[in-house]
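Here is the structure we will look at.
Every value quoted in this text rests on a predicted model; they were computed, and no experiment measured them. Hydrogens, waters and symmetry mates are skipped; everything else that's a heavy atom, side chains included, is used. The chains referred to below are lettered A, B, ... by the order of the sequence lines, with proteins before strands, and numbering in each begins at 1.
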There are 2 protein chains.
Amino acid sequence: MSEHGPPGATLSETLEIEGVEEAARSAPRSISAADRVRESILTGQFAPGERINEVHLSRALGVSRTPTRAALHALAAEGLVDYAHNRGFTVREFPMQAVLDAYQIRASLEGLACRLASERGLAEEQRVAMEQALRDGDVILQHDILTEGDLIAYRAMNVMFHDAILAAAQSRMLMEAVRLTLNMPGSTHRHIVSFKHDDVRRRHDDHHRLYQLIAAGEGWRAEVLMREHVIGLAKKTV
Amino acid sequence: MSEHGPPGATLSETLEIEGVEEAARSAPRSISAADRVRESILTGQFAPGERINEVHLSRALGVSRTPTRAALHALAAEGLVDYAHNRGFTVREFPMQAVLDAYQIRASLEGLACRLASERGLAEEQRVAMEQALRDGDVILQHDILTEGDLIAYRAMNVMFHDAILAAAQSRMLMEAVRLTLNMPGSTHRHIVSFKHDDVRRRHDDHHRLYQLIAAGEGWRAEVLMREHVIGLAKKTV
DNA sequence: ATTCGCCAAACTGTGTGCAGTTCGATTGAC
DNA sequence: GTCAATCGAACTGCACACAGTTTGGCGAAT
């Protein structure tokens, strides 16, 4: 199964095809393929509305059409590509309004997660994660200006915090619904979410308050604050 | 491809395999297969947690493993089955708490849909559908006791009303998220949603108020009322 | 009697060939 | 020059065969 790379590469074949053999040791090709194609779509390697050719994509991934199709079906399920019978897959388009709507949906869902977390309590694991995230954010914000590295660390901290709340809500369906709202081309996010120091500080302050409210069992207040917190991400503060 | 039915039928082969040829005329096998398996799961033909054998299921459906696997992957995306590498698919379990949580999630999402619908206005098509649904409900509720036929008509009316609001929200992602919450074994719903005359009347009254609020552009009030409306479905009123 | 290791049957993962459909190009008429 | 019909290349849908993994059971050793 080696010697896969075709020399003449078309547009969709710009995917990296390194490290196939060690990664394929335990991971199924279809999963690995889905991950890589998802990454390509999220980073904007594919043009929105572009039709995806199974054969070309298969070659680019170094696998046959079967796992490729499985991967594309999985991505269709996640909402990243569209599927039409006898016409295959196309990259889904995300107009600006759809991206803004996604923040509204996520705000409602994560607000609900906060309420459920408040009612059901924080397990030790989630409490630790949230406290760690709060400390990490505090450290980052001590810097007067935020470097690119700071922003990377901030994003990791942010994911840890929000994931902990979702875990505390103890609802798999809620997690899946939130994931739907996160699966969209990330390049767009940069244009939406502000990373000015004051805005970041305000959002981190929200985190502190959210932690307090959830720990205190103030479900409704936590829900409302989280909704505002997430919606605020999509406010144009340029 | 005829003469498919194996005589010795195992558990998973109790699916109906009638009308294959006329249905397969234009519809792809994988879609048709997904629909039928989904129906089987929703009506409780499969035991929760049961492992799904691809070969047996393929024979029961009268197609090969390829479209069967595609169908199962699609159902996994909808959240009806779980998938594990090298272990295939299992029927997802829905504990009572998960079903109740689904109503909470749906309440948040449909509440948001009401707000968006209020802001974006009702297109003629949705306005007509909602008014029709309201009239249908009025007629049904004139009966002093509700027959089984009344309940079927009520459910159809209910779907029309809620779908119209979702359409008015103009967010595909929101529709998909709501669909997640609706995809669960329906038999359970019967035990949760009350169909006593007074409860149905109260819910229909909610619909009238929701229509008024949305038409009046009262987004926030419509959102709150819809949340209560949906959560009320899961309240045990036995 | 229990546990560990091994083996075989069954099942899933993947590659590949063929059939049916779609879509673009080419040719012809107007 | 424009439009339509037709043909062909390309692509998708499906079936099937083979390879790798899991899993249950059997037997031997402790």
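The side chain of B:Ser64 contributes an N or O atom lying less than 4.0 Å from OP1 or OP2 of D:dA15.
In this structure, B:Leu57 places its CG atom 13 Å from P of D:dA15, rounding to the nearest Å. The nearest whole Å value for the distance from the CZ atom in B:Arg59 to the C1' atom in D:dC14 is 17 Å.
For the pair B:Arg155 and B:Phe195, the cation-pi test (distance below 6.0 Å, angle within 45°) is passed.
Residue A:His229 holds its NE2 atom at 6.5 Å from CG of A:Leu210, rounded to the nearest 0.5 Å.
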Extract from the structure each pairing of a protein N or O with an N or O of nucleotides 10-12 of chain C at less than 3.5 Å, listing the distance.
| unit_1 | atom_1 | unit_2 | atom_2 | d |
| --- | --- | --- | --- | --- |
| C:dC11 | OP1 | B:Asn53 | ND2 | 3.0 |
| C:dC11 | O5' | B:Asn53 | ND2 | 3.0 |
| C:dT12 | OP1 | B:Ile52 | O | 3.3 |
| C:dT12 | OP2 | B:Glu54 | N | 3.3 |

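Here B:Phe161 pairs with B:His207 under the ring pair (Phe, Tyr, Trp, His ring centres under 6.0 Å) rule; sequence neighbours left out.
Within a 6.0 Å sphere centred on CD of B:Glu119, heavy atoms belonging to other residues, nucleotides or ligands number more than 12.
Electrostatic pairing of A:Arg51 and A:Asp82 does not count as a salt bridge here, judged by no charged N lying under 4.0 Å from a carboxylate O.
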